[in-house]
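All values below come from the heavy atoms of this structure, side chains included, with hydrogens, waters and symmetry mates left out. Quick caveat, the model's predicted, so the values are computed rather than measured. Here is the naming used below: chain letters follow the sequence lines, and residue numbers restart at 1 for every chain.
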Number of protein chains: 2
Amino acid sequence: MVNKKKIVEVDENTEERILSAAKKVIFSKGYAGARMQDIADEAGINKALLHYYFRSKDKLFEMIFKEATGKLMPQISSIFRDPQLDIFAKIRAFCRSYIGTWMEQPYVPMFVLYEFHSNPNKGIAHLFDKEKFKPIREEVLSAFGTASKKKQIRPVDPYHLFLNMISLCLFPFMGSPVFKAVTGISDKQFDLMMQQRAHEVSEFIIESIKYRK
Amino acid sequence: MVNKKKIVEVDENTEERILSAAKKVIFSKGYAGARMQDIADEAGINKALLHYYFRSKDKLFEMIFKEATGKLMPQISSIFRDPQLDIFAKIRAFCRSYIGTWMEQPYVPMFVLYEFHSNPNKGIAHLFDKEKFKPIREEVLSAFGTASKKKQIRPVDPYHLFLNMISLCLFPFMGSPVFKAVTGISDKQFDLMMQQRAHEVSEFIIESIKYRK
DNA sequence: GTCTATAATTTGATAGAC
DNA sequence: GTCTATCAAATTATAGAC
């Protein structure tokens with residue numbers, strides 16, 4: 001007997017179709033560049049229905065932006081809190097998890113950072129509240145401090161180290177079009193690079209900071 | 001006697017005023033988000049005069065974008081070609097020069113990478129031609145290869161290493177608003193970090209790759 | 001819920017006086 | 001060269017039929 005359910009699942013409901021379409025368009029073109037018409041076309045509906053589901057472009061954007069930012073600092077906290085893992089295992093786990101996330105959604109980092117960069121106001125500032133990230137920040141910094149005291153890593157500025165980790169994992173997804181054009185590597189080659197990159201980056205970091213007598 | 005010249009110099013000619021204003025607005029808001037009215041206001045003129053000097057928004061954008069991309073891979077080639085410098089001196093010179101450039105124009109990296117990210121078409125693709133960057137690319141990669149052969153640095157994938165260098169120098173200027181919000185550091189503290197960063201990054205890289213028996 | 005038609009607003013661009 | 005006034009097109013948003 002034919003499984004009807006599967007067909008229905010593929011043809012998701014309208015709200016989900018709109019959200020998918022909106023993400024595709026807005027992630028790619030940004031808020032200012034995205035057109036409601038493009039989103040409607042992508043979803044296979046018309047503009048009126050778009051406004052029926054989401055009152056305005058602003059509301060639609062806020063919803064998408066909020067969800068996207070939620071992914072920016074995900075499992076970091078739990079990884080750095082885990083007492084089972086030494087500092088090197090933490091770094092490896094972070095890079096694997098972080099880069100893996102962006103391989104699945106390579107447009108998200110540029111979208112979030114760009115929108116926040118060009119609209120520090122606009123009612124999205126609260127999503128990056130200092131207090132909200134206090135736990136993560138403190139877990140990471142204290143892990144570095146502890147490892148340094150234990151002479152597992154050399155003395156190093158923890159803020160720069162944190163920034164280095166984020167830079168190495170995040171930037172390739174923001175600079176990929178330019179990097180591809182400049183180096184001349186293909187999309188396929190770039191994907192391969194990203195697959196290696198979690199390992200490459202964590203070893204690069206560890207080689208730099210591990211304690212040597 | 002009063003020096004009239006100085007006053008005139010401060011009050012630059014209209015074309016330059018427009019270009020300055022356009023950069024300020026477009027770097028910050030991006031092409032799609034920038035408004036001709038905003039640029040006119042910023043320059044202290046009106047829209048009509050804007051179109052008198054630059055035929056269209058597109059022309060204005062192309063001019064600004066072209067100039068900005070010219071700064072993306074600047075002195076890299078000469079640094080990596082210089083036979084006076086060993087690989088470590090090259091890396092230090094690169095970081096110092098590269099980060100110094102962005103400290104003066106912190107909006108440029110995000111602008112260039114974002115526009116190229118969201119408009120791989122639009123007649124700006126040719127500015128990132130593979131052939132154009134061939135010399136730079138080959139200088140850098142061959143410098144790494146040579147240093148590796150001479151056992152000055154450990155064996156390492158040169159493409160990842162190149163990407164690491166760019167990531168560490170460029171990302172902080174793209175992620176600065178989020179980084180400031182998440183860490184809670186002030187603008188002044190962030191500027192201080194960036195002043196240390198050329199040294200911090202080059203030592204971070206060198207510690208990671210220098211050959212050890 | 002979904003559509004067509006249309007309103008309302010924004011915005012890039014031009015005409016023409018000075 | 002610079003301005004005011006205005007146009008034409010694009011774009012968000014709504015009204016109302018089905």
Legend entry - Under-4.0 Å side-chain N/O to phosphate OP1/OP2 contact, B:T14 with D:dG1: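 The answer is no; no side-chain N or O of B:T14 sits under 4.0 Å from OP1 or OP2.
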Legend entry - Residue-phosphate contact under 4.0 Å: B:N46 side-chain N/O, D:dT2 OP1/OP2: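 Looking at the OP1 and OP2 atoms of D:dT2, neither is under 4.0 Å from any side-chain N or O of B:N46.
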Legend entry - Residues B:D187 and B:K180 bridged, charged N to O under 4.0 Å: yes
Inset, instruction - Indicate yes or no: does B:R17 engage B:E42 in a salt bridge with an N to O separation below 4.0 Å. - result: no
Legend entry - A:Y31 side chain to A:N119 side chain, donor-acceptor N/O pair below 3.5 angstrom: no
Legend entry - Pairing residues for A:D41 by the side chain to side chain contact (heavy atoms under 4.5 Å, CB included) criterion, not counting sequence neighbours: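 Checked A:D41 against side chain to side chain contact (heavy atoms under 4.5 Å, CB included); matches are A:Q37.
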Tell me the interatomic distance from [X], atom [atom1], to [N], atom [atom2], rounded to whole angstroms.
X     : N      : atom1 : atom2 : result
B:I39 : C:dT11 : CD1   : P     : 12 Å
A:D41 : C:dC3  : CG    : C1'   : 14 Å
A:L50 : C:dG1  : CG    : P     : 15 Å
B:I18 : C:dG12 : CD1   : P     : 15 Å

Inset, instruction - Spell out protein contact along nucleotides 11-18 of chain D as letters: B when the base is contacted, S when just the sugar-phosphate is, - when no protein heavy atom is under 4.0 Å; keep the 5' to 3' order. - result: SBBBB---
Legend entry - A:S28 side chain vs A:K24 backbone, donor-acceptor pair below 3.5 Å: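 Checking the backbone N and O of A:K24 against the side chain of A:S28, no donor-acceptor pair under 3.5 Å is found.
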Inset, instruction - For B:Y53, enumerate each residue passing the ring-ring contact (aromatic ring centres under 6.0 Å, His included) test, keeping only those at least two apart in sequence or located in another chain. - result: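 In terms of ring-ring contact (aromatic ring centres under 6.0 Å, His included), with neighbours along the sequence ignored, B:Y53 is linked to no residue.
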